[in-house]
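Ligands are counted one by one from 1 in listed order, and the atoms in each one are counted from 1 as well. Bear in mind the structure is a predicted one, so any value in this text is a computation, not a measurement. In what follows, residues are counted from 1 in the order of the sequence shown.
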Amino acid sequence: MGCLGALLFLLGGLGALAQICEITEVDSTLVERLGQRLLPWMDRLSPEQLNPSIYVGLRLSSLQAGAKEAHYLHSLKLSYQQSLLSNDNSDSEAKPSMGQLALYLLALRANCEFVGGRKGDRLVSQLKRFLEDEKGAIGHNHQGHPHTSYYQYGLGILALCVHQKRVHGSVVGKLLYAVEHEQHLQQGHFPVDTLAMAGLAFSCLKLSNLNPSQRNRITVALGRVQEKILKAQTLEGHFGNVYSTPLALQLLMASLRPTVELGTACLKAKAALLASLQHKAFQNPLMISQLLPILNQKSYVDLISPDCEAPRVLLEPATETPSQTQVPEFIHVTLKVSSIFPSYRHSVSVPVSSSLEDVLKKAQEHSRFRYGTQASLSGPYLTSVMGKKAGEREFWQLLRAPDTPLLQGIADYRPRDGEAIELRLVGW
Ligand code: B12
């Protein structure tokens with residue numbers, strides 16, 4: 001055992017190990033800059049742009065947005081209640097998904113509200129119904145898949161749990177089974193994010209003792225989640241990738257099984273995360289919303305009993321440095337699509353620092369390229385290419401040729417000069 005090991009052992013003896021995975025002493029200017037990036041998104045109040053995750057992230061952070069924050073919650077309530085409680089099924093496309101309803105319930109809890117009353121009860125029933133449907137889709141023999149994902153399934157259980165609403169043991173049982181037989185989660189593309197969300201749901205159930213008959217199974221599954229996440233640590237220190245690390249840390253922070261190995265892994269992850277922050281890797285508001293809680297030593301599990309009186313620093317809008325108007329420099333990016341016939345390949349010229357979305361737009365204007373997107377909490381999601389829509393359990397994967405999947409979506413990724421980007425239809 002090295003110096004660090006000895007220190008951790010000593011802390012354990014003092015009963016302080018529960019805080020072993022906390023990310024403390026992060027430069028407050030760095031944290032404020034992250035919060036400032038959320039502010040412009042809080043002015044976007046149209047139903048497709050409202051994002052309950054932003055509200056949750058801010059409330060669990062050390063920062064606050066004053067009146068803007070209250071107004072944002074008000075808009076969330078209007079929008080979610082209207083679309084979820086209206087009996088009008090004509091625009092069912094626009095109705096929030098199970099995961100979005102779950103995030104909305106987390107947002108209410110982040111404001112120290114318990115969902116209740118006639119309207120609240122209807123929302124809880126809807127979420128329970130969603131979970132029952134998903135349980136049906138997974139099937140008795142666990143051969144099927146949820147229509148959404150195990151990520152949203154875990155999120156749904158977590159949201160009900162922080163509101164102290166019990167879900168049937170058979171619903172929890174499907175998530176337990178998926179973790180116990182990890183091929184179900186491993187097949188997916190982002191096992192660390194999914195495992196972390198399942199683990200957060202289990203932690204909540206365990207702490208709230210809502211499903212006492214499954215207590216032992218939940219404890220074992222939590223241990224397994226922790227072990228899998230630790231195994232997924234990269235040489236750099238991230239759990240999975242840079243963007244799964246915040247949720248992984250939320251889970252590890254809420255861990256009830258602190259060990260020396262965990263302490264060492266968390267220190268490494270903290271270093272990797274701080275390096276990513278310096279490199280401005282966190283621009284996407286959803287990603288920032290998952291990161292801010294851990295920089296304030298909080299996780300979604302803290303929504304069991306949130307501290308709404310905790311002092312938080314008021315965010316001021318970032319002061320913009322006027323950019324000098326220069327003649328834009330241009331870069332060339334090659335766009336490839338081989339999953340269709342005839343295949344497509346075209347080089348596009350765009351200004352430096354254009355997003356991949358700008359490349360797609362330019363290609364659409366100047367060639368036979370066509371694409372379609374759908375708004376999501378992470379930004380525009382690519383749904384179709386050259387008229388071909390991704391089917392159920394398929395998606396248009398973004399890759400840097402020849403074979404490196406991108407870690408960002410079309411709105412955030414900024415290709416470099418000479419890069420070739422492939423859009424590939426794959427199963428998940
Ligand atoms: C499940 C999932 C998927 C599924 C989604 C299908 C489904 N029916 O669920 C699949 C495997 C298809 C997928 C694909 C991709 N994903 Co994904 N995905 C997730 C995951 C685990 C959960 C998303 C979710 O359900 N959220 C909850 C619900 C309530 O929110 P929602 O907005 O309504 O959910 C929808 C969107 O999230 C959308 N979606 C999923 N992934 C992505 C990624 C981007 C960039 C966008 C704009 C939308 C989007 O699908 C969800 C279901 O409709 C998150 C993990 C996380 N930490 O958030 C990663 C995550 C969001 N994905 C990520 C990435 C990078 C991608 C891809 C760009 C990968 C690639 N190289 O192609 C593609 C998207 C490409 C495209 N066509 O635009 C990153 C985003 C990082 C970032 N910087 O923003 C995350 C954080 C995973 C990670 N750790 O790297 N994903």
With a cut-off of 4.0 Å, which atoms of ligand 1 are near a heavy atom of [X]?
X: Q152; answer: 25 (O), 28 (C), 52 (C)
X: G379; answer: 47 (C)
X: G409; answer: 45 (C)
X: P380; answer: 47 (C)
X: Q408; answer: 65 (C), 68 (C), 83 (N)
X: S244; answer: 89 (N)

Between I421 and V359, does the side chain to side chain contact (heavy atoms under 4.5 Å, CB included) criterion hold? Intermediate values first, please. CA-CA 10 Å; I421 299 291; V359 172; over 6 Å; no
Assess the side chains of E134 and T148: does a donor N or O sit below 3.5 Å from an acceptor N or O? yes
Under 3.5 Å: N/O of [X] near N/O of ligand 1:
X: G99; result: no
X: Q397; result: no
X: L155; result: no
X: Q100; result: yes
X: W396; result: yes
X: L406; result: yes
X: D193; result: yes

Which option out of [options] puts a heavy atom nearest to [atom]?
atom: atom 46 (C) of ligand 1; options: P96, S378, P146, S289; answer: S378
atom: atom 8 (N) of ligand 1; options: F239, W428, F395, Y371; answer: W428
atom: atom 84 (O) of ligand 1; options: Q374, R424, E392, M287; answer: M287
atom: atom 78 (O) of ligand 1; options: L382, L247, N241; answer: L382
atom: atom 67 (C) of ligand 1; options: Y243, F190, Y104; answer: F190
atom: atom 5 (C) of ligand 1; options: F282, Y381, Y413; answer: Y381

Looking only at non-hydrogen atoms, find the nearest pair between S86 and K95 and report the distance. O-NZ, 3.4 Å
Can you see whether F114 has R109 sitting over its ring - NZ or CZ less than 6.0 Å from the centre and within 45° of the normal? yes
Report, as yes or no, whether the 6.0 Å neighbourhood of atom NZ on K388 holds more than 12 heavy atoms from other residues, nucleotides or ligands. no
Hey, is CD on Q164 packed in by over 12 heavy atoms from elsewhere, all under 6.0 Å? yes
Worked check of side chain to side chain contact (heavy atoms under 4.5 Å, CB included) between R368 and M386: CA-CA 8 Å; R368 66 182 173 96; M386 311 300 262; 3.4 Å; yes
L407 to ligand 1, any heavy atom closer than 4.0 Å: yes
Please state whether G240 comes within less than 4.0 angstrom of ligand 1, counting heavy atoms only. no
Can you find a heavy atom in the side chain of N241 that is under 4.5 Å from one in the side chain of T234? no
N296 (side chain) donor-acceptor with L60 (main chain) under 3.5 angstrom: yes
Contact region, Q290 to ligand 1, non-hydrogen atoms below 4.0 Å, reads side chain
Looking only at heavy atoms, is any part of T148 under 4.0 Å from ligand 1, and if so is it the side chain, the backbone, or both, or is it neither? backbone
Among residues at least two apart in sequence or on other chains, which ones pass ring pair (Phe, Tyr, Trp, His ring centres under 6.0 Å) with Y55? none
Residue set satisfying ring pair (Phe, Tyr, Trp, His ring centres under 6.0 Å) with Y151, at least two apart, ordered chain then number -> none
Side chain to side chain contact (heavy atoms under 4.5 Å, CB included) partner of C204, chosen from D302, I304, L210: I304
In terms of the angle between their ring planes, are Y153 and Y150 parallel, tilted or perpendicular, with boundaries placed at 30° and 60°? perpendicular
Less than 6.0 angstrom separating the ring centers of F282 and Y243, yes or no? yes
